Amino acid sequence: MQVLGQELVKWYENHHRNLPWRHTKDPYQIWLSEVILQQTRVDQGLPYFLKFVHTFPTVELLAKATEQEVLSLWQGLGYYSRGRNLHKTAQIIAHEYNGAFPNSYEGLLKLKGIGPYTAAAISSFAFDLPHAVVDGNVFRILSRYFGIDLAINSSAGKKTFEKIAGEVLNIKQPALHNQAIMEFGALQCKPVAPKCSECPLQLSCAAFAENKVHLLPVKEKKIKIRHRFFVYHVQTDQENRLALERRVAGDIWEGLFQFPMIELKSSEEQITYLQSFATSWQSPKFKHVLTHQKIEAYFVLAPLREKKEEKIHYSLQEISELPLPRLIDKFLEQHRKDLPI
DNA sequence: AAAGCGGGGCA
DNA sequence: TGCCCAGCTTT
(Lines give C-alpha, C1' and ligand atoms only; values in the text may rest on other atoms or scores of the structure.)
Protein backbone atom coordinates (compact mmCIF):
# COMPACT_ATOMS: atom_id res chain seq x y z
CA MET A 1 0.00 0.00 0.00
CA GLN A 2 2.83 2.35 0.80
CA VAL A 3 4.33 1.96 -2.68
CA LEU A 4 1.24 3.49 -4.27
CA GLY A 5 1.44 6.68 -2.22
CA GLN A 6 5.16 7.11 -2.81
CA GLU A 7 4.84 6.65 -6.56
CA LEU A 8 1.93 9.09 -6.73
CA VAL A 9 3.89 11.81 -4.93
CA LYS A 10 6.98 11.20 -7.06
CA TRP A 11 4.86 11.46 -10.20
CA TYR A 12 3.09 14.58 -8.88
CA GLU A 13 6.34 16.45 -8.32
CA ASN A 14 7.24 16.06 -11.98
CA HIS A 15 3.88 16.46 -13.64
CA HIS A 16 1.52 18.65 -11.65
CA ARG A 17 -0.10 21.76 -13.05
CA ASN A 18 0.64 25.12 -11.54
CA LEU A 19 -2.70 26.22 -10.06
CA PRO A 20 -3.34 29.27 -7.88
CA TRP A 21 -5.10 27.46 -5.02
CA ARG A 22 -2.04 25.27 -4.56
CA HIS A 23 0.04 28.26 -3.46
CA THR A 24 -2.02 29.09 -0.41
CA LYS A 25 -2.90 27.73 3.00
CA ASP A 26 -5.74 30.25 3.33
CA PRO A 27 -8.82 28.15 4.19
CA TYR A 28 -11.03 30.73 2.47
CA GLN A 29 -9.32 30.41 -0.89
CA ILE A 30 -9.08 26.64 -0.57
CA TRP A 31 -12.77 26.39 0.27
CA LEU A 32 -13.62 28.68 -2.65
CA SER A 33 -11.61 26.58 -5.09
CA GLU A 34 -13.03 23.28 -3.82
CA VAL A 35 -16.64 24.40 -4.06
CA ILE A 36 -16.09 25.79 -7.55
CA LEU A 37 -14.35 22.61 -8.66
CA GLN A 38 -17.12 20.27 -7.47
CA GLN A 39 -18.38 18.59 -10.67
CA THR A 40 -16.31 21.03 -12.64
CA ARG A 41 -13.12 20.71 -14.68
CA VAL A 42 -10.13 22.82 -13.74
CA ASP A 43 -10.12 24.60 -17.13
CA GLN A 44 -13.70 25.65 -16.66
CA GLY A 45 -13.47 26.56 -12.97
CA LEU A 46 -10.21 28.51 -13.00
CA PRO A 47 -11.57 31.79 -14.40
CA TYR A 48 -14.39 31.69 -11.86
CA PHE A 49 -11.92 31.16 -9.02
CA LEU A 50 -9.93 34.20 -10.17
CA LYS A 51 -13.10 36.29 -10.48
CA PHE A 52 -14.24 35.37 -6.99
CA VAL A 53 -10.87 35.93 -5.31
CA HIS A 54 -10.56 39.27 -7.08
CA THR A 55 -14.09 40.44 -6.30
CA PHE A 56 -14.23 38.99 -2.78
CA PRO A 57 -10.68 38.75 -1.39
CA THR A 58 -11.97 37.77 2.06
CA VAL A 59 -14.84 35.76 3.46
CA GLU A 60 -16.20 38.93 5.10
CA LEU A 61 -16.48 40.67 1.73
CA LEU A 62 -18.23 37.64 0.25
CA ALA A 63 -20.62 37.61 3.21
CA LYS A 64 -21.47 41.28 2.63
CA ALA A 65 -22.44 40.75 -1.01
CA THR A 66 -26.04 40.12 -2.00
CA GLU A 67 -27.04 36.65 -3.15
CA GLN A 68 -27.76 38.12 -6.54
CA GLU A 69 -24.22 39.46 -6.89
CA VAL A 70 -22.85 36.05 -5.99
CA LEU A 71 -25.14 34.23 -8.42
CA SER A 72 -24.30 36.71 -11.16
CA LEU A 73 -20.63 35.92 -10.75
CA TRP A 74 -21.54 32.22 -10.67
CA GLN A 75 -23.57 32.48 -13.88
CA GLY A 76 -22.57 29.78 -16.37
CA LEU A 77 -20.99 27.43 -13.83
CA GLY A 78 -24.16 25.39 -13.25
CA TYR A 79 -25.38 23.67 -10.10
CA TYR A 80 -26.44 27.03 -8.71
CA SER A 81 -27.19 25.70 -5.23
CA ARG A 82 -23.40 25.64 -4.85
CA GLY A 83 -23.41 29.41 -5.31
CA ARG A 84 -26.24 29.93 -2.85
CA ASN A 85 -24.60 27.66 -0.28
CA LEU A 86 -21.30 29.46 -0.80
CA HIS A 87 -22.92 32.73 0.13
CA LYS A 88 -24.80 31.29 3.11
CA THR A 89 -21.68 29.64 4.48
CA ALA A 90 -19.66 32.84 4.05
CA GLN A 91 -22.23 34.63 6.20
CA ILE A 92 -22.10 31.92 8.86
CA ILE A 93 -18.30 32.07 8.93
CA ALA A 94 -18.25 35.86 9.05
CA HIS A 95 -20.97 36.32 11.65
CA GLU A 96 -20.87 33.22 13.82
CA TYR A 97 -17.28 32.01 13.53
CA ASN A 98 -15.54 35.38 13.70
CA GLY A 99 -14.34 34.96 10.14
CA ALA A 100 -12.39 31.78 10.83
CA PHE A 101 -13.12 28.41 9.23
CA PRO A 102 -13.49 25.40 11.57
CA ASN A 103 -10.14 23.63 11.77
CA SER A 104 -11.53 20.12 11.93
CA TYR A 105 -13.15 17.68 9.51
CA GLU A 106 -16.28 17.40 11.64
CA GLY A 107 -16.59 21.16 12.02
CA LEU A 108 -16.25 21.74 8.30
CA LEU A 109 -18.80 19.04 7.53
CA LYS A 110 -21.49 20.99 9.37
CA LEU A 111 -21.33 23.82 6.85
CA LYS A 112 -23.70 24.16 3.87
CA GLY A 113 -22.21 22.88 0.66
CA ILE A 114 -19.41 20.98 2.39
CA GLY A 115 -19.74 17.20 2.25
CA PRO A 116 -17.27 14.42 3.00
CA TYR A 117 -15.05 15.18 0.00
CA THR A 118 -14.77 18.93 0.55
CA ALA A 119 -14.31 18.55 4.31
CA ALA A 120 -11.41 16.16 3.69
CA ALA A 121 -9.92 18.48 1.08
CA ILE A 122 -10.01 21.61 3.24
CA SER A 123 -8.89 19.88 6.42
CA SER A 124 -5.87 18.39 4.66
CA PHE A 125 -4.91 21.30 2.38
CA ALA A 126 -5.40 24.09 4.89
CA PHE A 127 -4.77 22.35 8.22
CA ASP A 128 -2.61 19.32 7.29
CA LEU A 129 -5.06 16.93 8.92
CA PRO A 130 -4.93 13.26 7.88
CA HIS A 131 -8.22 12.89 6.02
CA ALA A 132 -8.21 11.11 2.65
CA VAL A 133 -10.14 12.74 -0.17
CA VAL A 134 -12.43 10.38 -2.07
CA ASP A 135 -13.59 11.95 -5.32
CA GLY A 136 -14.18 10.52 -8.78
CA ASN A 137 -10.44 10.43 -9.47
CA VAL A 138 -9.77 8.43 -6.31
CA PHE A 139 -12.58 5.97 -7.06
CA ARG A 140 -11.14 5.41 -10.51
CA ILE A 141 -7.52 4.98 -9.45
CA LEU A 142 -8.28 2.64 -6.55
CA SER A 143 -10.71 0.50 -8.50
CA ARG A 144 -8.17 0.07 -11.28
CA TYR A 145 -5.02 -0.27 -9.21
CA PHE A 146 -6.55 -2.88 -6.90
CA GLY A 147 -8.80 -4.39 -9.57
CA ILE A 148 -12.01 -3.89 -7.59
CA ASP A 149 -15.22 -4.19 -9.60
CA LEU A 150 -17.52 -3.11 -6.78
CA ALA A 151 -19.83 -0.36 -8.10
CA ILE A 152 -18.57 3.06 -7.02
CA ASN A 153 -22.12 4.37 -6.61
CA SER A 154 -23.27 1.55 -4.33
CA SER A 155 -23.16 1.82 -0.56
CA ALA A 156 -20.82 -1.14 -0.24
CA GLY A 157 -18.56 0.26 -2.95
CA LYS A 158 -18.33 3.68 -1.40
CA LYS A 159 -17.54 2.21 1.99
CA THR A 160 -14.85 -0.04 0.56
CA PHE A 161 -13.13 2.67 -1.44
CA GLU A 162 -13.25 5.11 1.47
CA LYS A 163 -11.61 2.49 3.67
CA ILE A 164 -8.85 1.82 1.14
CA ALA A 165 -8.31 5.54 0.55
CA GLY A 166 -7.73 5.96 4.27
CA GLU A 167 -5.28 3.07 4.31
CA VAL A 168 -3.16 4.33 1.43
CA LEU A 169 -3.12 7.90 2.72
CA ASN A 170 0.32 9.18 3.65
CA ILE A 171 -0.49 10.61 7.07
CA LYS A 172 2.87 12.40 7.25
CA GLN A 173 1.92 14.68 4.36
CA PRO A 174 -1.82 14.35 3.71
CA ALA A 175 -2.02 17.58 1.70
CA LEU A 176 0.62 16.49 -0.78
CA HIS A 177 -0.82 12.98 -1.00
CA ASN A 178 -4.35 14.21 -1.66
CA GLN A 179 -3.21 16.67 -4.34
CA ALA A 180 -1.11 13.95 -5.93
CA ILE A 181 -3.77 11.27 -6.18
CA MET A 182 -6.37 13.61 -7.67
CA GLU A 183 -3.93 15.16 -10.15
CA PHE A 184 -2.86 11.68 -11.16
CA GLY A 185 -6.47 10.79 -11.87
CA ALA A 186 -7.05 13.96 -13.84
CA LEU A 187 -3.94 13.77 -16.03
CA GLN A 188 -2.69 10.20 -16.07
CA CYS A 189 -5.30 7.66 -14.97
CA LYS A 190 -8.02 9.42 -16.97
CA PRO A 191 -11.57 8.05 -17.44
CA VAL A 192 -11.00 7.58 -21.18
CA ALA A 193 -7.68 6.72 -22.81
CA PRO A 194 -5.56 6.55 -19.67
CA LYS A 195 -1.80 6.73 -20.32
CA CYS A 196 -0.97 3.20 -19.20
CA SER A 197 2.02 2.87 -21.52
CA GLU A 198 3.86 5.56 -19.60
CA CYS A 199 2.43 4.90 -16.16
CA PRO A 200 4.72 4.52 -13.13
CA LEU A 201 2.19 2.15 -11.58
CA GLN A 202 1.92 -0.10 -14.60
CA LEU A 203 3.70 -3.11 -13.08
CA SER A 204 1.67 -3.11 -9.88
CA CYS A 205 -1.70 -2.15 -11.37
CA ALA A 206 -4.19 -5.04 -11.15
CA ALA A 207 -6.41 -3.71 -13.92
CA PHE A 208 -3.47 -3.36 -16.30
CA ALA A 209 -2.28 -6.89 -15.55
CA GLU A 210 -5.73 -8.28 -16.24
CA ASN A 211 -6.27 -6.03 -19.24
CA LYS A 212 -9.45 -4.47 -17.84
CA VAL A 213 -8.47 -0.88 -17.30
CA HIS A 214 -11.26 0.20 -19.64
CA LEU A 215 -13.80 -1.82 -17.64
CA LEU A 216 -13.15 -0.02 -14.37
CA PRO A 217 -14.54 1.69 -12.41
CA VAL A 218 -17.94 -0.04 -12.47
CA LYS A 219 -21.06 2.06 -12.10
CA GLU A 220 -24.51 0.77 -11.32
CA LYS A 221 -27.73 1.44 -13.21
CA LYS A 222 -28.74 4.07 -15.71
CA ILE A 223 -30.18 7.42 -14.88
CA LYS A 224 -33.44 7.99 -16.65
CA ILE A 225 -33.44 10.90 -19.02
CA ARG A 226 -36.17 13.49 -18.83
CA HIS A 227 -36.79 15.54 -21.95
CA ARG A 228 -38.33 18.95 -21.46
CA PHE A 229 -39.85 21.36 -23.93
CA PHE A 230 -39.75 25.09 -23.25
CA VAL A 231 -40.99 28.11 -25.16
CA TYR A 232 -39.76 31.51 -24.02
CA HIS A 233 -41.73 34.68 -24.76
CA VAL A 234 -39.57 37.63 -25.58
CA GLN A 235 -41.92 40.51 -24.74
CA THR A 236 -41.41 44.21 -24.30
CA ASP A 237 -43.48 46.93 -22.72
CA GLN A 238 -44.20 50.42 -24.10
CA GLU A 239 -40.74 51.55 -23.07
CA ASN A 240 -39.13 48.64 -24.88
CA ARG A 241 -38.12 46.96 -21.68
CA LEU A 242 -37.95 43.18 -21.67
CA ALA A 243 -40.16 41.11 -19.41
CA LEU A 244 -38.40 38.70 -17.09
CA GLU A 245 -39.65 36.31 -14.48
CA ARG A 246 -37.79 34.54 -11.74
CA ARG A 247 -37.64 30.76 -11.67
CA VAL A 248 -39.20 29.11 -8.68
CA ALA A 249 -37.55 26.84 -6.14
CA GLY A 250 -37.36 23.10 -6.58
CA ASP A 251 -36.50 22.98 -10.26
CA ILE A 252 -33.59 23.57 -12.58
CA TRP A 253 -32.07 27.08 -12.52
CA GLU A 254 -33.70 27.88 -9.18
CA GLY A 255 -34.01 31.62 -8.53
CA LEU A 256 -32.45 32.65 -11.83
CA PHE A 257 -34.13 35.08 -14.25
CA GLN A 258 -35.59 34.15 -17.62
CA PHE A 259 -38.03 35.34 -20.25
CA PRO A 260 -41.59 34.34 -19.32
CA MET A 261 -41.77 30.68 -20.22
CA ILE A 262 -44.28 27.94 -20.84
CA GLU A 263 -43.38 24.27 -20.57
CA LEU A 264 -45.03 21.81 -22.95
CA LYS A 265 -45.39 18.08 -22.42
CA SER A 266 -44.01 16.92 -25.75
CA SER A 267 -42.24 18.07 -28.85
CA GLU A 268 -45.56 17.87 -30.72
CA GLU A 269 -47.38 20.09 -28.25
CA GLN A 270 -44.49 22.49 -28.42
CA ILE A 271 -44.76 22.75 -32.21
CA THR A 272 -48.52 23.16 -32.04
CA TYR A 273 -48.06 25.93 -29.55
CA LEU A 274 -45.56 27.67 -31.78
CA GLN A 275 -47.86 27.37 -34.79
CA SER A 276 -50.65 29.08 -32.88
CA PHE A 277 -48.49 32.18 -32.89
CA ALA A 278 -48.02 32.03 -36.62
CA THR A 279 -51.77 31.85 -37.29
CA SER A 280 -53.36 33.94 -34.57
CA TRP A 281 -50.81 36.69 -34.53
CA GLN A 282 -49.64 37.12 -38.07
CA SER A 283 -46.17 35.65 -38.01
CA PRO A 284 -43.88 35.92 -35.11
CA LYS A 285 -41.13 38.37 -35.84
CA PHE A 286 -38.61 36.04 -34.43
CA LYS A 287 -38.31 32.39 -33.68
CA HIS A 288 -35.26 30.57 -32.64
CA VAL A 289 -34.40 27.19 -31.20
CA LEU A 290 -31.70 26.29 -28.78
CA THR A 291 -31.06 22.89 -27.34
CA HIS A 292 -29.69 22.75 -23.89
CA GLN A 293 -28.89 19.26 -22.72
CA LYS A 294 -32.28 17.60 -22.53
CA ILE A 295 -34.18 20.84 -22.83
CA GLU A 296 -35.42 21.99 -26.19
CA ALA A 297 -36.21 25.67 -26.12
CA TYR A 298 -37.84 28.01 -28.59
CA PHE A 299 -37.83 31.75 -28.30
CA VAL A 300 -40.73 33.65 -29.82
CA LEU A 301 -41.16 37.38 -30.05
CA ALA A 302 -44.62 37.34 -28.56
CA PRO A 303 -47.23 40.03 -28.05
CA LEU A 304 -47.25 41.46 -24.58
CA ARG A 305 -50.17 40.17 -22.58
CA GLU A 306 -51.70 43.11 -20.82
CA LYS A 307 -51.84 43.23 -17.06
CA LYS A 308 -52.18 39.47 -17.04
CA GLU A 309 -49.50 38.55 -14.60
CA GLU A 310 -46.98 40.86 -13.14
CA LYS A 311 -43.71 40.44 -14.86
CA ILE A 312 -40.77 42.59 -14.02
CA HIS A 313 -39.49 44.64 -16.93
CA TYR A 314 -35.82 45.33 -17.40
CA SER A 315 -33.64 47.11 -19.90
CA LEU A 316 -30.93 45.13 -21.64
CA GLN A 317 -28.37 46.82 -19.43
CA GLU A 318 -30.17 45.78 -16.28
CA ILE A 319 -30.57 42.23 -17.50
CA SER A 320 -26.84 41.82 -17.85
CA GLU A 321 -26.58 42.36 -14.12
CA LEU A 322 -28.99 39.57 -13.22
CA PRO A 323 -28.13 35.89 -12.87
CA LEU A 324 -29.49 34.16 -15.94
CA PRO A 325 -29.59 30.51 -16.99
CA ARG A 326 -26.87 29.78 -19.52
CA LEU A 327 -29.54 29.22 -22.15
CA ILE A 328 -30.92 32.76 -21.80
CA ASP A 329 -27.45 34.24 -21.60
CA LYS A 330 -26.49 32.47 -24.82
CA PHE A 331 -29.60 33.74 -26.55
CA LEU A 332 -28.84 37.32 -25.53
CA GLU A 333 -25.25 36.98 -26.71
CA GLN A 334 -26.40 35.84 -30.12
CA HIS A 335 -29.32 38.18 -30.61
CA ARG A 336 -28.47 41.31 -28.70
CA LYS A 337 -28.59 43.47 -31.82
CA ASP A 338 -31.87 41.99 -33.04
CA LEU A 339 -33.67 42.92 -29.86
CA PRO A 340 -35.65 46.11 -29.50
CA ILE A 341 -34.12 48.83 -27.33
C1' DA B 1 -31.47 4.69 -0.84
C1' DA B 2 -32.70 7.39 -4.75
C1' DA B 3 -33.41 11.44 -7.35
C1' DG B 4 -32.22 16.04 -8.91
C1' DC B 5 -29.01 19.63 -9.98
C1' DG B 6 -25.62 22.17 -15.30
C1' DG B 7 -22.07 22.99 -17.57
C1' DG B 8 -18.47 21.46 -21.28
C1' DG B 9 -15.51 17.83 -23.55
C1' DC B 10 -15.31 14.29 -26.69
C1' DA B 11 -16.13 10.07 -29.77
C1' DT C 1 -25.50 14.39 -31.76
C1' DG C 2 -25.49 11.63 -27.81
C1' DC C 3 -22.79 10.03 -24.04
C1' DC C 4 -19.95 11.01 -20.04
C1' DC C 5 -18.40 13.30 -15.89
C1' DA C 6 -19.69 13.10 -10.13
C1' DG C 7 -20.30 15.99 -4.91
C1' DC C 8 -23.97 17.54 -2.27
C1' DT C 9 -28.70 18.26 -0.78
C1' DT C 10 -33.24 16.86 -0.52
C1' DT C 11 -36.85 13.55 -0.43
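Quick caveat, the model's predicted, so the values are computed rather than measured. Order of the sequence lines sets the chain letters (A, B, ...), proteins ahead of strands, with each chain counted from 1.
- With C1' as the reference atom, C:dG7 and B:dC10 are 22 Å apart, rounded to whole Å.
- For A:Q44 against B:dG8, a side-chain-to-base donor-acceptor contact under 3.5 Å is absent.
- A gap of 23 Å separates the P atoms of B:dG9 and C:dC8, to the nearest Å.
- With respect to A:E67 and A:R84, no salt bridge is recorded, no charged nitrogen being found less than 4.0 Å from a carboxylate O.
- A residue-by-residue look at A:S155 and A:L77 shows that A:S155 has its nearest nucleotide of DNA chain B further toward the 5' end.
- Nucleic acid contact class of A:D251 (heavy atoms, under 4.0 Å, all strands): sugar-phosphate only.
- Relative to the side chain of A:K112, the nucleotides B:dA1, C:dT10, C:dG7 differ in distance, and C:dT10 lies closest.
- Of the side-chain N and O atoms in A:S81, none sit less than 4.0 angstrom from OP1 or OP2 of C:dT9.
- Side-chain proximity of A:Y117 to C:dG7, C:dC4, C:dT9: nearest is C:dG7.
- Ring centers of A:H233 and A:Y273: under 6.0 Å apart, within the cut-off.
- Between A:T40 and B:dG8 there is no side-chain polar atom (N or O) within less than 4.0 angstrom of OP1 or OP2.
- Sequence order on DNA chain C of the closest nucleotides to A:Y79 and A:L109 puts A:Y79 first from the 5' end.
- Distances shown here put a side-chain N or O of A:R326 below 4.0 Å from the OP1 or OP2 atom of B:dG8.
- Taking the side chain of A:P116 as heavy atoms from C-beta on, and the options C:dC8, B:dG6, C:dG7, the nearest nucleotide is C:dC8.
- Taking for each of A:A193 and A:R41 the nucleotide of DNA chain B with the nearest heavy atom, the 5'-most of the two is the partner of A:R41.
- Out of C:dT9, C:dG7, C:dA6, the shortest distance to the side chain of A:D135 is found at C:dG7.
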May I have the list of side-chain donor-acceptor pairs in residues 130-150 of chain A shorter than 3.5 Å, sequence neighbours left out?
unit_1	atom_1	unit_2	atom_2	d
A:D135	OD1	A:N137	N	3.1
A:D135	OD1	A:V138	N	3.0
A:D135	OD2	A:N137	ND2	3.0
A:N137	OD1	A:R140	NH2	2.7
A:N137	OD1	A:A186	N	3.4
A:R140	NE	A:C189	O	2.7
A:R140	NH2	A:G185	O	2.8
A:R140	NH2	A:C189	O	3.4
A:S143	OG	A:F139	O	3.1
A:S143	OG	A:R140	O	3.1
A:R144	NE	A:V213	O	3.2
A:R144	NE	A:L216	O	3.0
A:R144	NH1	A:K190	O	2.8
A:R144	NH2	A:K190	O	3.4
A:R144	NH2	A:P191	O	3.1
A:R144	NH2	A:L216	O	3.3
A:Y145	OH	A:S204	OG	2.9

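- As rounded to the nearest Å, B:dG8 and C:dT9 have C1' atoms that lie 23 Å from one another.
- Between A:Y80 and A:W253, the ring center distance fails the sub-6.0 Å criterion.
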